[in-house]
Amino acid sequence: MAKFKVLVTDYEYKTLQEEIAVLEKVDAELITAQCRTEEEVIEAAKDTDAILNQYAPITKNVIESLPKCKVIARYGIGVDTIDVKAATEKEILVCNVTDYCWDEVSDHAFALLMACARKVVQLNGAVKSGNWDYNVGVPIYRLRDRVIGLVGFGNIPQLVAKKAQAFGMKVVAYDPFISPSIAERLNVELVELQELCERADFVSVHAPLNEHTRSMISAEQFNKMKQEAFIINTARGPVIDEKALIQALQQGKIAGAGLDVLEHEPIAQDNPLLAMDNVILNPHVAWYSEESGAELQRKTAQNAADVLAGYYPTYLVNNELKEKLELKEKNPLIRK
């Protein structure tokens, strides 16, 4: 019998061999579920030592029902599925993986930008329906000297900036937490959000979802955008007020959108965005490549394994628990 029990609350992977290989080294058994509600998580997690979480809700009620859980490790960068405050109060470590899929998401954001700029999806649909006419895509503007506005300027949007600059684009960014020296080094101008909306031909959203960023792009921001501007979102759907976005598109206040994430996922079949030719919709896939998927599984499991073995994990979210818990520091120089 294994010393520890680790629950995967929900997953979309074909195999969990990456997790099993990591957890076996600390004598942990992996059990799986496909939870959708907090009640299902409570039932599945009641006697587990650690949780690996994808989309299932890890609410305060869930956390209060965990008698022995030491760590909750999320598959991804964002931790909006987890009540971090409740976990911290119960001295449960919360982990994420902050350094995976940087290339994938930055590539995808720019791919959506390119598809919007060159009207690739609209023209493809027209040709396949028998309409061979470039006027379907009119107007199209060259990218050189156009302005991309990055909402958030962390690791991923910094890569987007470099890719945009390779196409001759000018880059502005809004991020009150970023050092001006970083922006200066990357030849990016830091501006306030309202100015970004006024100047940008493409607004690319990269902010994490939290109480401060929910619906931060709403009617006020859309009203300031150029009529020929596109909005791109590869971050979290609720950062954009979807009702306000739909109204802006319906009223022609902006030219279109490229959305990998939505306010509610999967999208409802009566959502007006589905009927708009100037909107590109993807199923929250920007993170994905074969390499990034395996890396995410391995690092998420390693977070849990580190804690069960008595170490602080590399990717710790609630660092304040270091003042209360007495775990060992794991040498990051030898991490594989």
Side-chain angles (χ1 to χ4, degrees), residues 9-10 12 35-38 40-41 53-60 62 74-84 96 101 104-105 108-109 111-113 115-116 121 149-152 154 156-157 160 174-175 193-194 196-197 200 202-225 229-288:
T9 60
D10 59 311
E12 296 178 331
C35 303
R36 294 292 179 267
T37 66
E38 65 175 11
E40 291 173 341
V41 179
N53 168 251
Q54 190 168 29
Y55 303 125
I58 310 298
T59 63
K60 183 175 182 179
V62 170
R74 173 132 207 291
Y75 289 107
I77 298 172
V79 290
D80 46 289
T81 61
I82 303 167
D83 188 328
V84 178
N96 58 355
C101 77
E104 287 79 3
V105 178
H108 205 91
L112 288 172
L113 183 153
C116 288
V121 175
L150 302 171
V151 180
I156 290 172
V160 175
Y174 166 73
D175 193 326
L193 180 59
Q194 301 302 79
L196 182 150
C197 292
F202 302 90
V203 175
S204 189
V205 178
H206 300 277
L209 177 62
N210 56 47
E211 59 184 323
H212 304 293
T213 63
R214 186 178 294 273
S215 296
M216 70 182 294
I217 307 296
S218 192
E220 181 181 358
Q221 286 69 44
F222 290 121
N223 287 338
K224 291 186 176 295
M225 291 182 193
F230 291 88
I231 188 160
I232 311 297
N233 192 3
T234 52
R236 286 290 186 269
V239 175
I240 296 177
D241 179 342
E242 196 166 287
K243 182 178 179 181
L245 170 62
I246 291 169
Q247 289 178 345
L249 289 163
Q250 289 173 334
Q251 295 169 10
K253 291 183 178 179
I254 62 173
L259 307 173
D260 182 56
V261 290
L262 294 158
E263 201 166 285
H264 300 286
E265 299 175 3
I267 190 170
Q269 290 307 298
D270 61 350
N271 191 313
L273 294 171
L274 289 169
M276 298 181 183
D277 291 338
N278 58 340
V279 176
I280 300 170
L281 299 170
N282 283 179
H284 201 145
V285 70
W287 62 272
Y288 170 73

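What you see is a predicted model, and the numbers here were worked out from it, not measured in a lab.
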- Atom CZ of R36 and atom CD of E40: how far apart are they, to the nearest 0.5 Å? 8.0 Å
- Message: Quick check: do D175 and H206 have side-chain heavy atoms less than 4.5 Å from each other?
- Response: no
- Which pairs with one or both residues in residues 260-270 pass side-chain hydrogen bond (donor to acceptor under 3.5 Å, both in side chains), sequence neighbours excluded? E265-H284
- side-chain contact (heavy atoms from CB on, under 4.5 Å) filter on A235, not counting sequence neighbours, yields V205, N233
- Hey, mind stepping through F222 and L245 against side chain to side chain contact (heavy atoms under 4.5 Å, CB included) and telling me if it holds? CA-CA 7 Å; F222 290 121; L245 170 62; 3.7 Å; yes
- Query: Closest heavy-atom contact between R74 and G78?
  - Reply: NH1-O, 2.7 Å
- Partners passing salt bridge (Lys or Arg N to Asp or Glu O under 4.0 Å) against D80 (at least two apart in sequence or in another chain): R236
- Note on the structure: Scanning both residues in full, the closest heavy-atom pair of G256 with L249 reads CA-CD2, 3.6 Å
- Task: Check step by step if side chain to side chain contact (heavy atoms under 4.5 Å, CB included) holds for I280 and C116.
- Result: CA-CA 8 Å; I280 300 170; C116 288; 4.0 Å; yes
- Task: Give the minimum heavy-atom separation between G76 and N96, together with the two atoms involved.
- Result: O-CB, 3.2 Å
- Task: Dump the intermediate steps for side chain to side chain contact (heavy atoms under 4.5 Å, CB included) on M225 and I231, then the final yes or no.
- Result: CA-CA 9 Å; M225 291 182 193; I231 188 160; 4.1 Å; yes
- Item | Donor on one side chain, acceptor on other, D241 and S218, under 3.5 Å | yes
- dist L262:CG -> N282:CG (nearest 0.5 Å) comes out at 9.5 Å
- Message: Using the rule given for side chain to side chain contact (heavy atoms under 4.5 Å, CB included), can you reason through Q54 versus T9, listing the C-alpha separation, both sets of side-chain angles and the distance that settles it, and then say yes or no?
- Response: CA-CA 7 Å; Q54 190 168 29; T9 60; 5.6 Å; no
- Going by heavy atoms in the side chains, are L281 and L274 under 4.5 Å from each other? yes
- Query: How many angstroms lie between atom NZ of K253 and atom CG of N223, to the nearest 0.5 angstrom?
  - Reply: 4.0 Å
- Not counting sequence neighbours, which residues clear side chain to side chain donor-acceptor pair (under 3.5 Å) with E38? List them please. T59, N61
- Value rounded to 0.5 Å, distance of CG in L259 from CD1 in I267: 8.5 Å
- Note on the structure: Taken in chain and number order and not counting sequence neighbours, the residues that satisfy side chain to side chain donor-acceptor pair (under 3.5 Å) with K224 are none
- Task: With sequence neighbours excluded, tell me which residues meet ring-ring contact (aromatic ring centres under 6.0 Å, His included) with F230.
- Result: F202
- Flag the pair N53 / V79 as yes when at least one side-chain heavy-atom distance between them is below 4.5 Å, and no otherwise. no
- Query: So among I232, L196, I254, which one has a side chain to side chain contact (heavy atoms under 4.5 Å, CB included) with V203?
  - Reply: L196
- Task: Report yes if some heavy atom in the side chain of Q250 is under 4.5 Å from a heavy atom in the side chain of M276; otherwise report no.
- Result: yes
- So which heavy atom on A219 is nearest to which on A244, and how close? N-CB, 3.5 Å
- State, with a plain yes or no, whether a side-chain heavy atom of V121 is found less than 4.5 Å away from one of D277. no
- Which heavy-atom pair separates P57 from T37 by the least distance, and what is that distance? CG-C, 3.8 Å
- Message: With a 4.5 Å cut-off on side-chain heavy atoms, are Q221 and L193 touching?
- Response: yes
- With rounding to the nearest 0.5 Å, note down the distance linking CG in L112 to OG in S204. 8.5 Å
- Message: Return the CD to OG1 distance between E104 and T234, rounded to the nearest 0.5 Å.
- Response: 12.0 Å
- Query: Where is the tightest heavy-atom contact between G237 and V261, given as atom of each residue plus distance?
  - Reply: N-CG2, 3.4 Å
